[in-house]
Amino acid sequence: MEYNFKELEQKWQKYWSDNETYKVEIDQNRPKFYVLDMFPYPSGAGLHVGHPLGYIASDIYSRYKRLNGFNVLHPMGYDAYGLPAEQYAIQTGQHPETTTEKNIARYREQLDKIGFCYDWDREVKTCDPDYYHWTQWAFKQMFNHYYCNEADAAKPIEELVTKFETNGSADLNIVCSEQLEFTAQEWKAKTEKEQQEILLNYRIAYLADTMVNWCPELGTVLANDEVKEGLSVRGGHPVEQKVMRQWSLRVSAYAKRLLDGLEHVDWSDSLKEIQRNWIGRSEGAAMTFAVKDSDVKMEIFTTRADTVFGVTFMVLAPESELVAQLTTSEQKEAVETYLQETKKRTERERQAEVDKVTGVFTGSYAINPCSGEQIPVWIGDYVLAGYGTGAVMAVPGHDSRDFKFARHFNLPIIQVVVPEGEEVSDPSTWEDSKDSKAGTMINSDFLNGLSVPDAIAKTKVFIKDNGIGDVQINYRLRDAIFSRQRYWGEPFPVYYKDDMPYMLDDSKLPLTLPEVDKYLPTENGEPPLGRAKNWKTDEGFPLELNTMPGFAGSSAYYLRYMDPKNDKALVGKEANEYWQDVDLYIGGTEHATGHLIYSRFWNKFLYDIGEVVKDEPYKKLINQGMIQGRSNFVYRIKGTNTFVSYGLREEHDVTPIHVDVNIVRNDELDIEAFKKWSPDYASAEFILEKLSDGKAGGKYICGWAVEKMSKSMYNVVNPDVIVEQYGADTLRFYEMFLGPLEQSKPWDTNGIDGVHKFLRKTWRMFYGDNGLTLSDEKATPEELKVLHKTIKKITDDVERFSFNTCVSAFMICVNELVDLKCNKKEVLEPLAVLLAPFAPHIAEELWQLLGHETSVCDAQWPEFNAEFLVESTYKYPVSFNGKMRFTLDLPVDMSKDDIEKAALSHTMAQKWIDGKTIRKVIIVPNKIINIVVG
RNA sequence: GCCCGGGUGGUGGAAUCGGUAGACACGCAAGACUUAAAAUCUUGUGUCCAUUAGGACGUGCGGGUUCAAGUCCCGCCCCGGGUACCA
């Protein structure tokens, strides 16, 4: 019987579904294992062959763990809210839910064909009210908590109110937007509205006027990770800075824990590094500079406190509040002109023109707290309002930006550090600042002669002792802007009373997304929800018009899978205590600064309030590489409809044209399909490769290039097509065979025949020409050796996620067993189990042929027995001066002396020793023999 | 600029702890079977020299450590990713 993958795969997919093979329940008698894929956004284009790469890897690992006795949770769902569905809705008037559901159905159909072991009873969709109920609930909790630095955790806001009532704002070590000072009396005297305004300063989810990334084209604000190089990540539209009253999440309060937590997770170094950079910890000193003839105090942050004697001026960000206070009447006009000009420059222009120095003098002078010197205060747009205090002490001698500014405006430059291996020199001769951290201090009073690190330490002590400042740690991580002025997202559980936000009662959740007539802003610029009829509470208070951003729904989805139908809680205690956290998370590296930061933050918050048992959500994380496209080209001779094959294209003047990779096989064009592909090519003519006898008439060979996988390049390969042609098991095997999981690589269907052949060859070990050929005979030592070598290799490689080498190992195993003409059940049965995680359909069929009546999913992973691999001899490579010349079979337990004798007396050795002296003989038993001659 | 990855045959890749470089597969070539094709099977296939035997060279480039380097160290080049006035 032939290997009929089509029939066989349908049969087993139906079996799994009928028998609920992949249904998972809590089982206290088995250890849990949680394998998670980053859930997809269901786009209109469907899955291409790159999407399942990570899913196949996680599926293999899930099945492997199950075979090893684990109770494996392996769910799947959809990140269903998103801009593309909404943009499409704006264009067509179709409800985004309709297109989203359609896309989800298509995704599901495609996923089902690949034979994944998902427990679909646990599916979640972020746009489902039963799901976003808990997104809204979590937001409420964040609104009702503040961050206490002492406890290093979120605490209920009522506790803070009690503190205000007894002590006012005194002696609080908590995270806030700005420092406020009031007494208990003052607090009590405030109106409800004033109190609410103050509490927003501390809430973890808070409403505030903040500098936001506004994208006019998308009509919404965006979070920092949604903006790249001044453009929106989605769509590439320009983004500008603007102050708006928006919801934010106080992610920055968790900066330290998000950074420290990286030490305890098993993620790739590069991913951790991306997160570390994004969080951006810097340790330095906060210092206060007094201003001459003024009460204003200038707060600055510096990591180079040692260079304080090199400060020759101060610079304020144009947006700094101090600008107005420090501008003198003489400079007022100049400053205002400058502020107008900078405002006109977009964020993108500012970033693009980093070299362009702009600034203006305020007219004020600050006083250096260490030297007592007076220094001018400038305004410059190289100083960012959003980082540190929006003001810097400028050290032009040792900071390249300050140096450029000083040169441009002719401000003094002093050298205070002599870099290692250099002499003191005249700053006016310098090309650039000397930023080196390895050097010795000069011109710096009590710091003279110290090394830079010592000087930093000493300055810190000095400023502390003299009340000038303190040691401080700054983070680059900003709070996450959480409002979107869009329709297709979670509604906020928020209403407004007297312009102050209040949370809906839990009994009102979920607050479902209302219908609107159009998915556009209202005439007076309100978000689309402004169009909804009756968008207010029962009492008549208006509801929030913004919706939540994309990362809201993806931040806690992994918890929901544990207990997806619970209508009392996000996740029940029992489920959470059993499943705990994700043991293995597989997904793309593009979520490094978005989802993976937010969801860690969200989880830590839930941990603080006692909802979940783990502080970190994802124990081990693997980033699968991107699958790039591999495009094919045909070469049209200019001005004709004649196409010349790749090898002959240089003999003509040609235009390369993308051709659909689906009508090309092993770079050979299917000419008939090409003619049908487009009417333009129906009458095309072809110049083919020359045959070996030199005559024309061979194949039409296409050129190729690695590009992004996209429709416009005609290089999109759909997994359904591969499943149709070769079967799901071949697709699964081939995706793994392409190369290491974490490496990016182009999809190239060339080579898929190899793995398909391998599966057929495996099949034929069971089925010969005359039917089933299995034998109950005892296996030979050779056969057992092949089997156990494979058990060891596959087990080791699956453990280290090296799936590509597993495929090779299977091929070697089957090749060797076929050579041995093995048809013994004793060998083929364990082999079927080894295959099951990789090629579940064929494995089920083989398992059944071996006489089993239950699924191979519930078999036991074969145990490796080293005894079968014991050898009596070892084939030594014999090297001379490190170059291998011949091999020599010797007993494994032979003594070093005997090995040396055997090697030196070998006939082949004479040739290399002849006429030379043996200087040394290196023998590593059962490894190598190296003879040094000279 | 800074911080991470990576560079091995015609192609994808293997070499897990410094110990036989190129496993496995594709492609290609030759052959068997076949009326023919497909499928299948056999053999060969890093480059260069040599009829063979065999030899020289060879893991981006240059140097070093070592009995031995794709693997470790120093310097450089190229490709991919992250980040960018972060004080």
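Note on naming: letters A, B, ... go to the chains in the order of the sequence lines (proteins, then strands), and numbering restarts at 1 for each one.
- At a cut-off of 3.5 angstrom, counting only N and O atoms as typed in the model, there is a donor on one side and an acceptor on the other between the side-chain of N930(A) and the base of C67(B).
- Defined by atom type and a distance below 3.5 Å, a donor-acceptor pair is present between the side-chain atoms of T358(A) and Y338(A).
- C28(B) and U11(B) have their C1' atoms separated by 11 Å, with the value rounded to a whole Å.
- Taking atom C1' in both C73(B) and U20(B), one finds a spacing of 25 Å when rounded to whole Å.
- In this structure, G62(B) shows a glycosidic angle more than 90 degrees from zero, which is the anti conformation.
- Note: Q472(A) CD to T303(A) OG1 = 12.0 Å, rounded to the nearest 0.5 Å.
- Scored by the side chain to side chain donor-acceptor pair (under 3.5 Å) test, S631(A) finds E707(A), N715(A) as partners (sequence neighbours excluded).
- Side chain K793(A) to base U16(B): a donor-acceptor pair is found below 3.5 Å.
- Comparing the C1' positions of G27(B) and U35(B) gives an interatomic distance of 29 Å, to the nearest angstrom.
- Within the cation-pi definition used here (under 6.0 Å to the ring centroid, within 45° of the axis), R600(A) qualifies as a partner of W267(A).
- Rounded to whole Å, atom P of G82(B) lies 15 Å from atom CD of E273(A).
- A distance of about 40 Å separates the C1' atoms of U34(B) and C48(B), rounded to the whole Å.
- Using C1' as the reference atom, U45(B) and C24(B) are 15 Å apart when rounded to the nearest Å.
- The side chain of R764(A) places an N or O atom within less than 4.0 Å of a non-bridging phosphate oxygen (OP1 or OP2) of C41(B).
- Its glycosidic angle being more than 90° from 0, C61(B) falls on the anti side.
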